[in-house]
Each structure stands twice: as structure tokens, then as C-alpha cells.
Trainee: 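So that we are looking at the same thing, I have put the structure below in C-alpha cells.
Order of the sequence lines fixes the chain letters, A, B, ..., with proteins taken first and strands second; residue numbering starts at 1 for each chain. Just so it is clear, the values below take in all heavy atoms, side chains as well, and ignore hydrogens, waters and symmetry mates. Just so it is clear, the model here is predicted, and its values are computed rather than measured.
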Amino acid sequence: KAGVTQTPRYLIKTRGQQVTLSCSPISGHRSVSWYQQTPGQGLQFLFEYFSETQRNKGNFPGRFSGRQFSNSRSEMNVSTLELGDSALYLCASSLAGLETQYFGPGTRLLVL
Amino acid sequence: DQQVKQNSPSLSVQEGRISILNCDYTNSMFDYFLWYKKYPAEGPTFLISISSIKDKNEDGRFTVFLNKSAKHLSLHIVPSQPGDSAVYFCAARAVSGGGADGLTFGKGTHLIIQP
């Protein structure tokens with residue numbers, strides 16, 4: 001079974017721009033969660049989607065949003081980028097959200 | 001407020017010996033705990049998990065112990081191998097009304113296996 005895939009792997013943007021990241025979960029997995037990893041804050045939960053609905057949300061500003069499609073693929077959008085948004089963004093999938101989460105390789109975002 | 005703490009940023013162990021990685025938590029609502037291993041520029045790889053109704057789970061060379069009264073868990077790797085050198089993250093999950101909350105991670109412990 002193919003693992004979680006994320007595109008693109010690397011991205012460079014400038015302040016004020018917006019960015020969209022994509023995640024394809026493991027086949028059959030319906031829950032997709034997003035995390036941000038930075039050297040200072042570590043791995044932090046952004047939000048979780050299940051059946052095209054945001055079910056849980058972490059403590060991030062409204063500039064961070066996401067959506068999930070009927071095939072369980074998910075996108076994450078960050079608007080009005082700030083320098084502090086530079087991070088590794090990780091997507092994880094699980095069957096229904098209560099089981100073990102499996103992570104993708106991440107998208108490395110650099111904001112200049 | 002850090003709800004999951006890994007107090008050792010790094011740990012050096014000789015090949016063949018036991019590696020013990022520790023994790024403490026403060027949130028009594030956590031009911032499921034996981035350990036992940038991470039190499040630079042890669043996503044975390046799931047290693048082993050334990051439910052709060054158990055106190056031990058074993059999978060090959062990896063064993064996780066949970067002490068609920070002390071709010072402490074540990075990961076034992078026996079025997080340690082060079083390929084085990086990586087950053088290890090402890091993570092915990094609380095179940096809320098709408099399903100599981102996101103995982104709360106510790107800051108990680110960098111395990112170095114010395115030949």
C-alpha cells in the first residue's frame with residue numbers, strides 16, 4: 001500500500017503571499033491531520049479533517065485553513081504569509097481518526 | 001504549557017546495549033500514547049503505541065511501558081542498533097466528543113548509537 005504523499009516537497013514564498021499544500025492519504029484512510037514543525041515550537045497540531053469536515057482544530061490563527069475532498073485528499077492553505085510560517089508542514093492519515101496516524105514526508109516552506 | 005515532556009534532548013548508547021527514552025505528561029485526559037522515530041527532512045515514522053488501559057506493549061526490539069499514576073511512559077530498545085540513531089518523539093492523544101484530538105508531541109530525544 002502506498003504511504004501518505006505530500007506535494008510539493010519544497011516551496012519558497014515571500015511575505016504576504018498565500019500557499020496551498022496538498023496531501024493524499026493512505027488508501028482507505030478517511031481522517032487527515034495537519035501539523036507544523038518548527039525548531040522552536042516542535043510539532044504542533046493544526047487541524048483534522050474527516051468526511052470532508054473539519055472535526056478538530058489546534059491553536060493557530062485563521063490564516064491557516066484547509067479542506068478535504070470526497071476522495072479524502074486534503075489541502076492546506078496559508079494566506080498572508082509571515083516569516084514565522086517557515087516550517088515543515090506534515091500531513092498524517094488514519095482510518096477514522098482514533099487510530100495510529102501515519103505521516104507523509106512533509107512540505108518544507110520557506111518564507112522570505 | 002508543555003503537556004508532553006521529553007526531558008532529555010539527547011541520549012548516547014553503545015551498540016548492543018539497551019536504550020531507554022523517557023516521556024512525562026500532565027493531561028489526565030490522554031488515553032493513547034505513541035512513539036515515532038524521525039530522520040532529518042522526513043516525516044515521523046510510527047514505532048509503537050499503547051492504550052491507557054495497558055501498562056506494557058511489545059513489538060520486536062521495542063517495548064513501551066506506561067505508568068499512569070506517575071504519568072510517565074518509556075520506550076525501551078533492546079538491543080540498540082546503529083540504524084536506531086534518530087530523533088524519537090513521544091506523542092499523546094485525548095479523545096474528545098467529536099473524535100480524537102490531534103496528537104500532542106514532546107520536543108524529541110536525539111538518540112545516538114555508538115559503535
Trainee: Working to the nearest 0.5 angstrom, can you tell me the gap between Arg93(B) CZ and Gln101(A) CD?
Mentor: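 Here the rounded value is 8.5 Å.
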Trainee: Find out whether Phe105(B) and Gln41(A) are in side-chain contact, i.e. whether some heavy atom of one side chain is under 4.5 Å from a heavy atom of the other.
Mentor: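 A side-chain contact under 4.5 Å is absent here.
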Trainee: Decide whether Leu11(A) and Met76(A) are clustered together by the hydrophobic rule: side chain heavy atoms of Ile, Leu, Val, Met, Phe, Trp, Tyr closer than 4.5 Å, transitively.
Mentor: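 Result: yes, single cluster for both.
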Trainee: Answer with side chain, backbone, both or neither: which region of Gln6(A) has an atom nearer than 4.5 Å to a non-hydrogen atom of chain B?
Mentor: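 For Gln6(A), no heavy atom lies under 4.5 Å from chain B.
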Trainee: Are Leu43(A) and Val87(B) joined in one hydrophobic group, where the rule is that I, L, V, M, F, W and Y side chains link up if heavy atoms are under 4.5 Å apart?
Mentor: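 Yes.
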Trainee: Are Tyr32(B) and Tyr36(B) connected in the hydrophobic side-chain network, where two residues link if heavy atoms are under 4.5 Å apart?
Mentor: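 Yes, one cluster joins them.
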Trainee: For Thr100(A), is it the side chain, the backbone, both or neither that has a heavy atom under 4.5 Å from a heavy atom of chain B?
Mentor: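 Answer is both: backbone and side chain atoms of Thr100(A) are under 4.5 Å from chain B.
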Trainee: Would one find more than 12 heavy atoms of other residues, nucleotides or ligands at under 6.0 Å from atom CG of Asn59(A)?
Mentor: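 No, the 6.0 Å shell around CG holds no more than 12 heavy atoms from other groups.
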Trainee: Going by heavy atoms in the side chains, are Thr104(B) and Phe45(A) under 4.5 Å from each other?
Mentor: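 When only atoms from C-beta onward are counted, Phe45(A) and Thr104(B) do not touch, as no gap falls below 4.5 Å.
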Trainee: What residues of residues 102-112 of chain A sit under 4.5 Å from chain B when only non-hydrogen atoms are counted?
Mentor: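 Within residues 102-112 of chain A, the residues that come under 4.5 Å of chain B (heavy atoms only) are Tyr102(A), Phe103(A), Gly104(A), Pro105(A).
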Trainee: More than 12 heavy atoms of other residues, nucleotides or ligands under 6.0 Å from CZ of Arg63(A): yes or no?
Mentor: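 Atom CZ in Arg63(A) is packed in, count exceeds 12.
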Trainee: Just wondering, more than 12 heavy atoms not from Lys13(A) lying within 6.0 Å of its NZ?
Mentor: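 Result for NZ/Lys13(A): enclosed.
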Trainee: Out of curiosity, does Phe89(B) fall in the hydrophobic cluster containing Ile77(B) (side-chain heavy atoms, cut-off under 4.5 Å, transitive links)?
Mentor: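 Unlinked, Ile77(B) and Phe89(B) end up in two clusters.
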Trainee: Among the options Pro44(B), Gly43(B), Ser49(B), pick out the one with the most heavy-atom pairs lying under 4.5 Å from chain A.
Mentor: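 Counting heavy-atom pairs under 4.5 Å, the top option is Pro44(B).
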Trainee: I'd like to know if the side chain of Lys107(B) and the backbone of Gly40(A) have a donor-acceptor N/O pair within less than 3.5 Å.
Mentor: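 Confirmed, Lys107(B) side chain pairs with Gly40(A) backbone.
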Trainee: For Arg61(B), does the CZ atom sit with more than 12 other heavy atoms under 6.0 Å from it, leaving out its own atoms?
Mentor: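 Atom CZ in Arg61(B) is crowded, with more than 12 foreign heavy atoms closer than 6.0 Å.
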Trainee: Indicate if Phe64(A) and Leu81(A) have the same hydrophobic cluster label, given that clusters are the connected sets of ILVMFWY residues with side-chain heavy-atom separations under 4.5 angstrom.
Mentor: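 Hydrophobic grouping puts Phe64(A) with Leu81(A).
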Trainee: In Å, rounded to the nearest 0.5 Å, how long is the span from CD of Glu42(B) to CG of Leu90(A)?
Mentor: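 Answer for the CD-CG pair, Glu42(B) versus Leu90(A), is 11.0 Å.
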Trainee: Side chains of Tyr35(A) and Leu103(B), heavy atoms from C-beta outward: is any pair under 4.5 Å?
Mentor: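 Counting from C-beta outward, Tyr35(A) and Leu103(B) do come under 4.5 Å.
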